[in-house]
Chemist: 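Here's a structure for you.
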Amino acid sequence: MKVARFHAPGDIRIEDVAEPIAGAGEVKIRVRNCSTCGTDVKIYKHGHHHIRPPRVMGHEIAGEIVGVGEGVTGWEPGDRVQVIAAIPCGQCEECRRGHMTVCPNQESMGYHYDGGFAQYMVVPAKVLAVGGLNRIPDELGFAEASVAEPLACVLNGQELARVGEDDDVVVMGAGPIGCLHVRLARSRGAGRVFLADLNADRLAMAAALVRPDATICAGDTDVVDEVLKLTGGRGADVVITAAASGTAQQQALQMTARQGRVSFFGGLPKDDPIIQVDSNLVHYRELTIVGANGSSPAHNARALQLIAEGAVPVSDLITHRLPLAEVLDAIDIVSRGAAIKVTIEP
Ligand SMILES: [Zn+2]
Ligand SMILES: [Zn+2]
């Protein structure tokens, strides 16, 4: 079978390898869609300390079961499934307390295990053990189902930031994650949703799809001023930074309303993670700053449901569908911000 394997930074190869076999507790799937995101770009450029090459990449996975290992019950060939990306251990103190997104023993598809940029893939027993395999509703395509994983992360972020009825929400970053944040905020009853990005073209492309109440091009406007203007000086109830930008994080704190919540959804580069915070803003305005680290199996199941019932449409966000042989083109398109969602069809 064909796979796309990471060998070293800048070195991803399309290779022929033997099909994997489902061992005890595992299932084998025919991958139908594995979508790409900024994480794949990061791995391609810099590698990752959890990846020991060669490793099949790809973590936004949907496919069809073709083989079931010994001891697996409830699944059979032909079942259409979506697979979680982050695998909690299910046994540590955090997992027992229900904090699966911050399991210190977390492993990931495409990092510790071969991922979905492949014609066939084995779903590890650990994924099944934590309920990480979700049945795709009949009416839903594989490509849409593969977007359940990033939407699950977005859902985790908005739950932590308590996005709700009538909230004015600012999303900073108009990539696929930003688009999903806008759509999910709407489905949670947000009042107005504003979308900001440095890149005017990307902002226009995203806005045409997700229709925010206003766009703010951070390249030529002061975002803080603009948000204060749009909200009558009050600021936004929730500001989400869906970009790896310390500047965006600092701006977020300056445009959050009293008792507002700031989500540092996107992480910062490992070598530059320090920002300046006016602690008195947090103190007197009673702000809450939250993070977001991936998603739990339960978030994946709910995200898939939200997509299936039309609460968060994603099909129009999938702007590019490419075969496995063009995975490098896909990564290039994503890195240039020239697409919303790019999915690989192996
Ligand atoms: Zn991703
Ligand atoms: Zn755990």
Side-chain angles (χ1 to χ4, degrees), residues 4 6 12 31 33-46 48 50-51 55-63 82-118 121 124-132 142-157 173 175-181 184 242-244 265-267 292-300 303-304 307 312 314 317-320 322 327 330-331 333-335 337 339-344:
F6 174 88
I12 292 175
V31 181
N33 280 88
C34 186
S35 294
T36 60
C37 74
T39 302
D40 299 309
V41 176
K42 260 191 269 177
I43 294 170
Y44 175 61
K45 288 186 176 161
H46 310 295
H48 192 280
H50 284 151
I51 297 182
R55 173 65 73 214
V56 178
M57 289 172 59
H59 60 273
E60 301 183 1
I61 306 159
Q82 180 263 345
V83 186
I84 58 169
I87 314 162
C89 75
Q91 281 158 22
C92 71
E93 186 64 21
E94 299 309 328
C95 284
R96 275 207 301 270
R97 288 170 183 257
H99 308 158
M100 284 193 163
T101 54
V102 288
C103 169
N105 310 318
Q106 192 180 85
E107 296 183 319
S108 299
M109 296 304 298
Y111 293 67
H112 304 82
Y113 303 96
D114 279 339
F117 291 158
M121 187 196 87
K126 281 184 178 178
V127 168
L128 283 108
V130 294
F142 289 110
E144 289 79 2
S146 73
V147 182
E149 192 279 327
L151 180 60
C153 301
V154 165
L155 178 60
N156 178 39
I177 290 290
C179 289
L180 291 173
H181 270 298
L184 182 65
F265 186 87
N293 184 50
S295 58
S296 69
H299 287 122
N300 277 258
L304 189 60
I307 295 170
V312 180
V314 300
L317 302 182
I318 301 166
T319 50
H320 296 65
L322 297 179
V327 74
I331 288 172
I333 293 167
V334 174
S335 77
I340 303 292
K341 203 70 190 163
V342 184
T343 193
I344 299 294

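When a ligand or atom number is given, it counts from 1 through the structure's own listing order. Computed over heavy atoms, backbone and side chain alike; hydrogens, waters and symmetry mates excluded.
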Chemist: For the residue pair His181 and Phe265, categorise the inter-ring angle as parallel (less than 30°), tilted (30 to 60°) or perpendicular (more than 60°).
Modeler: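 Perpendicular.
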Chemist: Could you tell me which N, O or S atom of Glu60 is nearest to the Zn ion (ligand 1)?
Modeler: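 Relative to the Zn ion (ligand 1), the closest nitrogen, oxygen or sulfur of Glu60 carries the name OE2.
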Chemist: Once rounded to 10 degrees, what value does the angle at the Zn ion (ligand 2) take between SG (Cys92) and SG (Cys103)?
Modeler: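 For SG of Cys92 and SG of Cys103, the angle centred on the Zn ion (ligand 2) reads 120°.
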Chemist: Of all the atoms in Cys153, is at least one N, O or S atom closer to the Zn ion (ligand 1) than 2.8 Å?
Modeler: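 No, Cys153 does not qualify, because none of its backbone or side-chain N, O or S atoms lies under 2.8 Å.
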Chemist: Pick from Glu144, Glu60, His320: which one makes a side-chain hydrogen bond (donor to acceptor under 3.5 Å, both in side chains) with Lys341?
Modeler: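 Result: among Glu144, Glu60, His320, Glu60 is the only option passing the side-chain hydrogen bond (donor to acceptor under 3.5 Å, both in side chains) with Lys341.
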Chemist: If you stand at the Zn ion (ligand 1) and look out to SG of Cys37 and NE2 of His59, what angle do those two lines make, to 10°?
Modeler: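 Nearest ten degrees: 100°.
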Chemist: Can you establish whether the number of heavy atoms outside Arg97 located under 6.0 Å from its atom CZ is more than 12?
Modeler: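 Open.
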Chemist: Check whether Gln106 reaches the backbone of Thr101 with its side chain - one donor and one acceptor, N or O, closer than 3.5 Å.
Modeler: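 Such a contact is found between Gln106 side chain and Thr101 backbone.
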